[in-house]
Amino acid sequence: MLILKYLVNLVNMYGTSTISYNLGTMVGNGVEWRGRRAVSALIASEIVVEETRPEITTLINHKDNTKKSDKTLQAIQRVGQAVNLAVGRFVKVGEAIANENWDLKEEINIACIEAKQAGETIAALTDITNLNHLESDGQITIFTDKTGMIKAARLLLSSVTKVLLLADRVVIKQIITSRNKVLATMERLEKVNSFQEFVQIFSQFGNEMVEFAHLSGDRQNDLKDEKKKAKMAAARAVLEKCTMMLLTASKTCLRHPNCESAHKNKEGVFDRMKVALDKVIEIVTDCKPNGETDISSVSIFTGIKEFKMNIEALRENLYFQSKENLSVTLEVILERTEDFTDSAYTSHEHRERILELSTQARMELQQLISVWIQAQSKKTKSIAEELELSILKISHSLNELKKELHSTATQLAADLLKYHADHVVLKALKLTGVEGNLEALAEYACKLSEQKEQLVETCRLLRHISGTEPMEITCIHAEETFQVTGQQIISAAETLTLHPSSKIAKENLDVFCEAWESQISDMSTLLREISDVFEGRRGEKYGYLSLPKPMKNNANLKSLKPDKPDSEEQAKIAKLGLKLGLLTSDADCEIEKWEDQENEIVQYGRNMSTMAYSLYLFTRGEGPLKTSQDLIHQLEVFAAEGLKLTSSVQAFSKQLKDDDKLMLLLEINKLIPLCHQLQTVTKTSLQNKVFLKVDKCITKTRSMMALLVQLLSLCYKLLKKSETDTNCLNSFQLQMENNGWVSVTNKDSMDGKI
């Protein structure tokens, strides 16, 4: 933070070390402040003091020298003015925040006034026009009151901190308000009975979810606690995936209102989303509901790490802790290895080896305790060496145990992922659903339940050997996802089996199966990361963007080789992808309204929506598109499909009245240029700037999808209006015919011809 850095410079210049340490600490930890990102505008001053650095360095090295040259005094004045200007900008933004938040306005304004006063005081104290005249040696002796500078610096530090913390409360309030809006709309979605009403409410829900995703995403980037960051990422992943599930599950319920399994499927989605929303608020507010505490047990690897630290501390202090505590700690660790030895999926060889190493660790600890007791009474060199040897022996035993546990869990996970790579059970469930075969459904539902239990148990074992807290959270998230999604797939399959001709029930099952396959893919990535940590590589960060993967014999890819994406680029692409995913939902809702599903406009719209959904999956590292080349090809097809749609809509417009035709053509004229622009972007070569190209392409695609939703809605309304007008005309003609007017009309017509 620039303001704080200027304060440190001034303190050093004036030789005042009283608060230098505290200010330095605040500068170092400035990025840790919870309000940092929330009020980035407050601390984004562009004042640069590069020119003053040589003078500042000199002043720091000669703190006790009260005589300053004219050059040094000018440097002091520049820094003082810089502080005042930075504070002025800070106060302006703070006051703007206060005006938008009346409940905190008074507190923020008071803090802003204090900051402004402190800035002005510092500027006055560093004003060289207030200093004495030059002495004969060209130097000036400074008689400035150091106490005044310290007071001003402390006041500024205090007031800036207050504003940042109050602004942070504003951000928390925004997230809570956004969550409450989402919950309120979800309640309306749960109670909706008509499809038309559902479409309207879901559109509002989509916009609210995008807002919540942005706010919670910014907050996630703020978090410095990696464990909290992982929890936030897990909760937001649930919300993102469940948004798509909620759409199809709700549509299935509306189509089959008396189907119990459809309602069960829908309720599961709503319940999971509510839990995830609460989890985000729990992380943001840093407090659990009803005073609950985190009861999750410590993993085996974490327990071993803490145990080894305790025994190694004996080298420095023999009275660091009691023998009983060490024994209890080891027993707790070894008790958790029962998750491995009691598992039906652990091989006999691994089980025997784990039990053997556990017994060895107990024996080594008893030997260590025996030597430890002797070392407390006899402080000889031989006893010290024996203690060191005992510490090394038990450390070695525990390291061997870690290797065995790691080998057991990773081998089991790798075999399981390989065995289920083809998703045979999911394919069978889809087939039995379409066939309406209830007996086969029961058989394959049982097989999926067995697979689910295997995966859940494997995730539990992986958590023990994960090695870091964030990966522990990821393992817990994977375990919960398999547990919940497995049940939802079965209920979705049951709905399809009971209604085998239902397109929406089939689509719903597909969505849940995709979520399962996605989690299997995530688990494979997690397994690699766990192995990287265990082997000391710490691994590369596996991004969720598949950009791009190397392919053989493809010279064109040389121009698509990207620099490693930074977090801001990834976050931007992810946000665009989420918006795109929600727009595909809106498009599907509009398509669902059409009675004639074979209509050309509907077919082209559905094709575009399907391709856009693939692009959304790409931003998550999922789906059929694996490389940037795949993405570019898909976008070319998407643009071509958009132009076909415009041709069909133009043909349809010829059936309309002039006013309606003009309205429709205006919308078409917006879409055609976007299609051509997207084609141009896909053909443009951007060496080493793949993310820039992807960003532009997805932005264009999003704009096209927004227009597609509008076009589908407008075409549907105009089609209905046209049908109504035709029906009215037919009815009028029939009435005229019944009243004998047709003969007269025909006669007049004939007379006219004569």
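Both backbone and side-chain heavy atoms feed into the values below; hydrogens, waters and symmetry mates do not. Sequential numbering from 1 along the given sequence is applied to the chain's residues.
A salt bridge does not link Arg255 to Glu507: none of the charged nitrogens lies less than 4.0 Å from a carboxylate oxygen. Between Glu590 and Lys593 there is a salt bridge, since at least one side-chain N of the basic residue sits less than 4.0 Å from a carboxylate O of the acidic one. In this structure, Lys231 does not pair ionically with Glu282, as no charged nitrogen and carboxylate oxygen lie closer than 4.0 Å. A salt bridge does not link Glu641 with Arg606: none of the charged nitrogens is closer than 4.0 Å to a carboxylate oxygen.
The side-chain contact (heavy atoms from CB on, under 4.5 Å) check on Ala612 picks up Leu580, Thr584, Phe638, Met705, with sequence neighbours excluded. Under the side-chain contact (heavy atoms from CB on, under 4.5 Å) criterion, Thr410 pairs with His406, Ile465, Leu527, Ser531, sequence neighbours left out. Taking the ring-ring contact (aromatic ring centres under 6.0 Å, His included) definition, one finds that Phe198 meets it with Phe202, sequence neighbours left out.
More than 12 heavy-atom neighbours from other residues, nucleotides or ligands sit within 6.0 angstrom of CZ on Phe195. Within a 6.0 Å radius of CG in Asp596, more than 12 heavy atoms belonging to other residues, nucleotides or ligands are found.
Identified under the side chain to side chain donor-acceptor pair (under 3.5 Å) test for residues 475-497, with sequence neighbours left out: Ser261-Thr495, Asn265-Ser491, Arg272-Thr481, Lys452-Gln483, Arg460-Glu479. Each side chain to side chain donor-acceptor pair (under 3.5 Å) pair with one or both residues in residues 430-447, not counting sequence neighbours, would appear here, but there are none. Residue pairs meeting the salt bridge (charged side-chain N to carboxylate O under 4.0 Å, His left out) criterion with at least one member in residues 185-203, sequence neighbours excluded: Glu190-Lys274.
Looking at Thr458 and Met523, their side chains come closer than 4.5 Å, going by heavy atoms from C-beta outward. Within the 4.5 Å cutoff, the side chain of Leu671 has no heavy atoms near those of the Glu667 side chain. In this structure, Phe212 and Val280 have side chains that are in contact, with non-hydrogen atoms separated by less than 4.5 Å. Two residues are said to be in side-chain contact when any heavy atoms from C-beta on lie closer than 4.5 Å; Leu496 and Asn508 fail this criterion.
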Residue pair Val637, Asn607: steps toward the side chain to side chain contact (heavy atoms under 4.5 Å, CB included) verdict = CA-CA 10 Å; Val637 178; Asn607 292 344; over 6 Å; no
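A parallel orientation is assigned to the rings of His256 and His499, their planes being inclined by less than 30° (bins at 30° and 60°).
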